[in-house]
Amino acid sequence: MAYIALLGILGSFLVSASPTQDTFSLNSNKKFYDVQAHRGGRGNTVENTLPSFAWGLVDGSTTLELDNGITLDGEVIVWHDVGIMAEKCRDTDPVVPHDPMFPYVGKLVANLTLAQIRTLDCGSQRQANYPQQLLYPGARIPTLKEVFDFVSCADPSHRILWNIESKIDARFRNRTAGVQDFVQKQYSVFRDSPYYRSITYQSFDWRTLIAMKASGLLINDIQELDPTITTSALIDEKTLFASDWLAGLQLDNFPGPSLGEQMAQAAHAIKANILSPIATVLIPSEDPSESVKFTTQSLIDEAHRLGMQVKPWTASRIFCFQLLLVRWGADGIITDYPNVVRRWVKQQGLSVAPKYPKQRVFSCLEKHMQRI
């Protein structure tokens, strides 16, 4: 009954006109199989930096995938973690002498200003799990607007697609900005970008997905913003049974019958356009022989039946691509190695996005790296 009632509430959303927006060739990459460069392609380049997105373009990604945090002074930055991780960034100098917050490494993004974060060198350390990462010493954490500006230079026809995540903590809510801060500030940057209609908005915290689909209605005190924006419901083994992450939903309230089908039904209930499950994890069971894959054929089939796409993350091995795409029909793959996945997808006879010209991309990169 809870499932039916929720569908009734969500089905009453009003669809309003989208904001006036200049359009370029915004749909051009949508005809290609969706190879998404996870954090720009962190297997190849230090993540979520202008250089990582440059290589994502050069490698022929369909979509650039990235994360957003909100700083103490309300700036939307491109960064995955709720804090500044020592394995990814180094301190240089305090933004002002005797800054009591210095050193900044180890601090929460929500407790640091953009000026403080700007001092960090996040391009000099190669992560242990990604030994092939290219380093770009001195690379700074960019704002979302700066990423859009750089990519617009390298992609003047505005062909690339985007998958942008809100890095909000649904359980420990004092560690990040809140739902309204995230969606309002992200939406403002989205709306002012030439890429507005090329953006998918994704989150593990499904409250933000509801909040971004604006209709002027309030649901659980959440004001919505744009009902036409494409949203993607992220889910993994940590959030699967945690209703805090799923906007209060309990998977047991959905008919299933399988767990994968329940996940698809829950994502459909919040009007998500895409379900994005973790690709490689097994769901544990008391009997190890009964452990099942998180992403399954039944999950993908049910999502498709409900009119959603499925784009698992983070797939980086060919046997995983074969299972997800060839056997099960996943609509896209989020990967740390977009160059490898693109090559394999092309070998399967599917259409892939063109690569961007290196000379133009790296000319734009040099210019925009000097600005931040």
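You'll find the side chain of W328 reaches within 4.5 Å of the side chain of I300, heavy atoms only. Taking 4.5 Å as the limit, every side-chain heavy atom of K271 sits out of range of all side-chain heavy atoms of T231. Side chains of I334 and N163 form a contact here, defined as non-hydrogen atoms less than 4.5 Å apart. For the pair S152/P194, a side-chain contact is recorded, criterion being any heavy-atom separation below 4.5 Å from C-beta on. A heavy-atom distance below 4.5 Å is not found between the side chains of L161 and L64. Side chains of W79 and C89 form a contact here, defined as non-hydrogen atoms less than 4.5 Å apart. Within the 4.5 Å cutoff, the side chain of I278 has heavy atoms near those of the E237 side chain. A heavy-atom distance below 4.5 Å is not found between the side chains of D93 and T119.
Rounding to the nearest 0.5 Å places NZ of K346 at 9.5 Å from OG of S351. In this structure, CD in Q348 is found 6.5 Å from CG in L325, a value given to the nearest 0.5 Å. Atoms CE and CD, from M85 and Q125 in turn, are 11.5 Å apart once rounded to the nearest 0.5 Å. In this structure, the separation between CG on L144 and CG on D67 is 11.0 Å, given to the nearest 0.5 Å. L209 contributes atom CG, which lies 11.5 Å from atom OG1 of T230 (distance to the nearest 0.5 angstrom). In this structure, Q309 CD and S276 OG are separated by 11.0 Å, a value rounded to the nearest 0.5 Å.
Neither I168 nor I84 shares a network with the other; the hydrophobic side chains, linked directly or stepwise wherever heavy atoms of I, L, V, M, F, W or Y lie under 4.5 Å apart, form separate groups for each. In the hydrophobic clustering of this structure, L234 does not group with I333; members are Ile, Leu, Val, Met, Phe, Trp, Tyr whose side-chain heavy atoms approach within less than 4.5 Å, directly or through other members. Under the 4.5 Å side-chain heavy-atom criterion for ILVMFWY residues, no single connected hydrophobic cluster contains both L323 and V340. In the hydrophobic cluster analysis, where Ile, Leu, Val, Met, Phe, Trp and Tyr join through side-chain heavy atoms closer than 4.5 angstrom, L108 is grouped apart from V105. With hydrophobic clusters built from ILVMFWY side chains whose heavy atoms lie under 4.5 angstrom apart, V35 does not share a cluster with I160.
Partners of D155 by salt bridge (Lys or Arg N to Asp or Glu O under 4.0 Å), not counting sequence neighbours: none found. In terms of the ring pair (Phe, Tyr, Trp, His ring centres under 6.0 Å) criterion, residue partners of W55 (sequence neighbours excluded) are, by chain and number, F362. Taking C364 as the reference, C153 meet the disulfide (SG to SG under 2.5 Å) condition, with sequence neighbours excluded. Not counting sequence neighbours, the partners of F102 by the ring pair (Phe, Tyr, Trp, His ring centres under 6.0 Å) test are Y104. For the ring pair (Phe, Tyr, Trp, His ring centres under 6.0 Å) test, residues two or more places apart in sequence or in another chain that qualify with F204 are W313.
Considering every non-hydrogen atom in both I372 and P142, the closest pair reads CD1-CB, 4.1 Å. The nearest pair of heavy atoms linking T143 to E146 is N-OE1, 2.9 Å. What you find for H80 and E47 is that their closest heavy atoms are CB-OE2, 3.8 Å. Nearest heavy-atom pair across L350 and Y33 is CD1-CD1, 4.0 Å. Here the closest non-hydrogen pair linking P131 and R126 is O-CD, 3.2 Å. Heavy atoms only, all atoms of each residue included: N44 and P338 are closest at ND2-CD, 4.0 Å.
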Pair Q322-R327, side-chain hydrogen bond (donor to acceptor under 3.5 Å, both in side chains): steps then yes or no: CA-CA 7 Å; Q322 289 174 316; R327 288 182 56 187; over 6 Å; no

Steps toward salt bridge (charged side-chain N to carboxylate O under 4.0 Å, His left out) verdict (R173, D169): CA-CA 6 Å; R173 299 181 183 181; D169 195 323; over 6 Å; no

Stepwise side chain to side chain contact (heavy atoms under 4.5 Å, CB included) check, L259 with F241: CA-CA 11 Å; L259 185 58; F241 298 113; 4.0 Å; yes

K238 and D244: CA distance, side-chain angles, deciding distance, salt bridge (charged side-chain N to carboxylate O under 4.0 Å, His left out) verdict: CA-CA 11 Å; K238 297 174 184 175; D244 287 351; over 6 Å; no

From CA spacing to verdict: side-chain hydrogen bond (donor to acceptor under 3.5 Å, both in side chains), Y196, R191: CA-CA 6 Å; Y196 181 63; R191 183 192 57 214; over 6 Å; no

Side chain to side chain contact (heavy atoms under 4.5 Å, CB included) between Y201 and S232, intermediate numbers included: CA-CA 6 Å; Y201 184 62; S232 179; over 6 Å; no

Chi angles and distances behind the salt bridge (charged side-chain N to carboxylate O under 4.0 Å, His left out) call for D331, K311: CA-CA 6 Å; D331 302 283; K311 299 181 181 182; over 6 Å; no

Audit row: S203, T208, side-chain hydrogen bond (donor to acceptor under 3.5 Å, both in side chains) steps and yes/no: CA-CA 7 Å; S203 188; T208 62; 3.1 Å; yes

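Side-chain atoms of T239 never come within 3.5 Å of backbone atoms of I235 as a donor-acceptor pair (strictly under, hydrogens ignored). Of the possible polar contacts, one joining the T335 side chain to the A315 backbone as a donor-acceptor pair under 3.5 Å is found. Of the possible donor and acceptor atoms, none in the side chain of H304 sits under 3.5 Å from a partner among the backbone N and O of E302. Using a distance-only test at 3.5 Å, with no hydrogens or angles considered, a donor-acceptor pair links the side chain of S52 to the main chain of T49. When atom types are taken as modelled, the side chain of Q262 and the backbone of F254 share a donor-acceptor pair closer than 3.5 angstrom.
Using a cutoff of 4.0 Å between basic side-chain nitrogens and carboxylate oxygens, R197 and D226 are scored as salt-bridged.
Under a cutoff of 6.0 Å and an axis angle of 45°, R39 and F53 do not form a cation-pi pair.
Across L306, N253, L251, L275, a single residue satisfies side-chain contact (heavy atoms from CB on, under 4.5 Å) together with Q265, and that is L306.
Taking the six-membered ring wherever Trp is involved, the centroid distance between the rings of W162 and F190 does not fall below 6.0 Å.
Counting only N and O atoms by type, the side chains of S298 and S258 include a donor and acceptor under 3.5 Å apart. There is no side-chain donor-acceptor pair under 3.5 Å between R342 and T62. In the model, K355 has no side-chain atom that pairs as donor or acceptor with a side-chain atom of N339 under 3.5 Å. Between the side chains of R42 and Q127, no donor-acceptor pair of N or O atoms lies under 3.5 Å. For D121 and S124, the side-chain atoms include at least one donor-acceptor pair closer than 3.5 Å. Side-chain atoms of D59 and S61 include no donor-acceptor pair closer than 3.5 Å.
Applying the salt bridge (charged side-chain N to carboxylate O under 4.0 Å, His left out) definition to pairs two or more places apart or across chains, none involves residues 358-372.
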